[in-house]
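Let me begin by presenting the structure, written as structure tokens, before commenting on it.
All chains are named by letter (A, B, ...) in the order of the sequence lines, taking the proteins before the strands, and each is independently numbered beginning at 1.
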Amino acid sequence: MKNLIEKLVSDALAALPPGTAGGAPPPAPEVERSRDTAHGDFACSIAMRLAKSLRANPRALAQQIVQALPKNDLIEKTEIAGPGFINFFMTPAAWQAELLRVHAAGRTYGRGMSGAGRRAIVEFVSANPTGPLHVGHGRHAAYGASVANLLEADGWSVHREYYVNDAGRQMDILAASVWLRYLELCGETIRFPANGYRGEYIRQIAAELHGRQGDAFHKPANAVFAGLPLDEPDGGDKDQYIDALIARAKELLDAGFRTVFDAGLDEILADIRDDLEGFGVRFDRWFSERSLGDGGAIGRAIARLRAQGHVFEKDGALWLRATDFGDEKDRVVVRENGQTTYFASDIAYHLEKRERGFDLLQDILGADHHGYVARVRAGLMAMGEPGDSLDVRLIQFVSLFRAGDKVQMSTRSGEFVTLRDLRAEVGNDAARLFYVMRSNDQHLDFDLELAKSRSNDNPVYYIQYAHARIASVLKQAAERGLPFDRESGLASLALLADPQEREMMREITRWPEIIQQASEFRAPHTVVHYLRELAAAFHAYYNALPFIVDDGALRNARLALIVAARQVLGNALDILGVSAPESM
RNA sequence: GCCCCGGUAGCUCAGUGGAUAGAGCGGCCGCCUCCUAAGCGGCAGGUCGUCGGUUCGACUCCGGCCCGGGGCGCCA
């Protein structure tokens, strides 16, 4: 509907003679919903914008535009108001036509075309598989999944991906931690390193490994610890200590280290997969970091950098001249010891995404990764890829509140911190909605009591209740022998003239605009706000007028209206991964 | 020191340069003989952190400052 107005305004501008508003290509028509119904249904501020460059009187310009508007019988009238707004008043037929569209399109109502013909890869969560997901990852999962759904709803072809950090030091530490717990099961007495992973799940992994493999990886404790530097509690450095311990493990176990390593990786990754699956978050691919090296992507990335002449050698290392591409400092790609850096893997991964043919590389990262953005973009550009193909959204932190008190999130504390526990406590629906209720660059205070409460304070229930209430009305109607007759209802929409009914039509028909905007700004919280407003319009309507009336035409028209509302509520909830219950 | 995010009603937060800045919660006053009161209606509540600038017009854009959070490795 908004598109229609924008089209009409664009046509009007194109029709105007060059001296007035013609000539330079006009800016976007800037049509928006009027806030105040006294200002009509839609408002356009283009005349005021153009007035500046044209040195014309905005109201006079608005008058010219209005006169050049193509005739359209869905527009009742236009007005020029205030400093130069053009206000559009739609005919009842315009709203009715849009309702017909809702019924005809069903699940696809609201879908846009902004991304048509383009492919996006959304990478999110990508938590290191060193332990179960915690509540912070939950926000990444909910946000990333919703953004992916939004892009898809706006025409993009979307691929969802989890980058598995299955290489690197953190994973070596995990493997060493598992091995030490395993040695305990073999009867050895060990001192657990300060920097090791202490979680109970490590013991479980060790137990399974021991159950499967017996004492195959047993080494005596004195052979393991002999000659190692001091650990932190003894006045040493915990990083040096753990690195020495890892080196020793690799030396003693040889190929067996990989077996222990994979036991930890596989177990934890399976847990993460299962958790996300249970949360309604699915991925098309779990991309292995190791495969970058194996598949030659890192080599290709470095070759590209060399070919483009953007690298130099200094202190025995190979550097990317990232400062040529907007980064604040140059970055090492190959270390002095010949190993490639993590940064090399990052740009190789992003190059690989481009090689797979994605137009938009959509990354969802923690706010603590913000320094990474300029770096990776610089890398892409240095490899000859467009820097603006990368779009990164940063997620601020989550704080849990229970009964007004902040829940401390240390791994040591007995308080739960895992996503799985959160889901068990508040349910998937509340978790999914609460996680995306706030803008991603706003810190999130997650109120556990509120999320659990079965009251009108809780937006989850408020919204779902609207959906269930509509289903209940339809059920009631059928039970009274007056089932909804869609054909009759759609033929009688002209009977819907009450203020609440007009408000319902205005709200329902905003959905395509919400998708477009929420998708463009990667802002699923907009959908939550919209859902609340649509639900509010429905609850007000419900209280104001009866639906199941004797007059069949009126009854079916009203039912057609609330069925359209149910459709849009369902479509919007679906984007957020929240269920739309038939009864509550 | 440099970079990123935030500062809007008592609280939690919306607000693509446009008209009189909004919502939910909390507070106060009302509404079930009626399709689910998990609901609805009304009232009160604001120097949009602060000081300048750009503009016909600034919560929105630019600069300075103040406050809160995060980040700045040949770590991962």
What I'd like to find out is whether the side chain of A/V392 reaches to under 4.5 Å of the side chain of A/I364, using heavy atoms alone. no

Between A/R169 and A/D243, is there a salt bridge with N-O shorter than 4.0 Å?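 The answer is yes: the pair qualifies as a salt bridge.
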
[atom1] atom, [N] versus [M]: distance in rounded Å?
N     : M     : atom1 : result
B/U54 : B/G17 : C1'   : 12 Å
B/C11 : B/A38 : P     : 30 Å
B/G24 : B/G70 : C1'   : 28 Å
B/U50 : B/C59 : P     : 11 Å
B/C67 : B/C29 : C1'   : 39 Å
B/C13 : B/A9  : P     : 11 Å
B/G6  : B/G15 : P     : 10 Å
B/G42 : B/A23 : P     : 10 Å

[X] [atom1] to [N] [atom2], straight-line distance once rounded to whole Å:
X      : N     : atom1 : atom2 : value
A/R59  : B/A19 : CZ    : C1'   : 12 Å
A/H539 : B/G24 : NE2   : P     : 12 Å
A/R522 : B/U16 : CZ    : P     : 16 Å
A/D445 : B/G68 : CG    : P     : 17 Å
A/E32  : B/G15 : CD    : P     : 14 Å

Does the separation of the ring centres of A/Y435 and A/F446 fall below 6.0 angstrom? yes

My understanding is that only residues two or more places apart in sequence, or in another chain, count here; which of them pass ring pair (Phe, Tyr, Trp, His ring centres under 6.0 Å) with A/Y241? none

Can you tell me if the side-chain N/O atoms of A/Y462 get under 4.0 Å from OP1 or OP2 in B/C40?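 Yes, A/Y462 has a side-chain N/O under 4.0 Å of OP1/OP2 on B/C40.
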
Whether A/H525 contacts B/G15 is assessed here as follows: a side-chain N or O lying under 4.0 Å from the phosphate OP1 or OP2. Is that the case?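 For A/H525, the contact criterion (side-chain N or O under 4.0 Å from OP1 or OP2 of B/G15) is met.
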
To the side chain of A/H39, which of B/C35, B/A19, B/A23 is closest? B/A19

Taking distance alone, no hydrogens or angles, what donor-acceptor pairs closer than 3.5 Å link side-chain atoms of residues 546-557 of chain A to residues at least two apart or in another chain?
| residue | atom | partner | partner atom | Å |
| --- | --- | --- | --- | --- |
| A/D551 | OD1 | A/A553 | N | 3.1 |
| A/D551 | OD1 | A/L554 | N | 3.3 |
| A/R555 | NH1 | A/V549 | O | 2.8 |
| A/R555 | NH1 | A/D550 | O | 3.3 |
| A/N556 | OD1 | A/D485 | N | 2.8 |
| A/N556 | ND2 | A/S488 | OG | 3.3 |
| A/N556 | ND2 | A/G552 | O | 3.0 |

Please list all pairs passing the side-chain hydrogen bond (donor to acceptor under 3.5 Å, both in side chains) test where one or both residues lie in residues 527-537 of chain A, with sequence neighbours left out.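 Found A/R510-A/E533.
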
Got a sec, which pairs hit side-chain hydrogen bond (donor to acceptor under 3.5 Å, both in side chains) with one end in residues 311-324 of chain A, sequence neighbours left out?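 Every pair satisfying side-chain hydrogen bond (donor to acceptor under 3.5 Å, both in side chains) with a residue in residues 311-324 of chain A: A/T323-A/D330.
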
Describe, in one word, how the ring planes of A/Y349 and A/Y163 are oriented to each other, choosing from parallel (under 30°), tilted (30 to 60°) and perpendicular (over 60°).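 Parallel, since the angle between the ring planes stays under 30°.
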
Just say parallel, tilted or perpendicular for the rings of A/H369 and A/Y372, cut-offs at 30° and 60°. perpendicular

Can you tell me if A/D429 uses its side chain to pair, donor with acceptor, with the backbone of A/V460 under 3.5 Å?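 Looks like no, no N/O pair under 3.5 Å.
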
Is it the case that the side chain of A/N543 and the backbone of A/H539 share a donor-acceptor pair, with hydrogens and angles ignored and the cut-off at 3.5 Å? yes

Which residues pass the side-chain contact (heavy atoms from CB on, under 4.5 Å) test with A/A580, sequence neighbours left out? A/H467, A/L573

What N/O pairs connect the protein and nucleotides 53-60 of chain B at under 3.5 Å? Give each pair on its own line.
none

Without placing hydrogens or testing angles, list every side-chain donor-acceptor pair under 3.5 Å for residues 471-484 of chain A, not counting sequence neighbours.
none

Given that both pair distances must be under 3.5 Å and the pair must be Watson-Crick or G-U, what runs of three or more consecutive pairs involve RNA chain B? B:1-7 with B:66-72, B:10-13 with B:22-25, B:27-31 with B:39-43, B:49-53 with B:61-65

When you compare the protein's N or O atoms with those of nucleotides 5-11 of chain B, which come within less than 3.5 Å of each other, and at what distance?
| residue | atom | partner | partner atom | Å |
| --- | --- | --- | --- | --- |
| B/C5 | O2' | A/D441 | O | 2.4 |

Between A/L444 and A/R480, name the one whose nearest nucleotide on RNA chain B is closer to the 5' end. A/L444

What string of B, S and - do you get for nucleotides 71-76 of chain B 5' to 3' if you count protein non-hydrogen atoms under 4.0 Å? SSSBSB

A/R59: salt bridge (Lys or Arg N to Asp or Glu O under 4.0 Å) partners, not counting sequence neighbours: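 Checked A/R59 against salt bridge (Lys or Arg N to Asp or Glu O under 4.0 Å); zero matches.
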
Heteroatom pairs (N/O) under 3.5 angstrom, protein to nucleotides 29-32 of chain B:
none

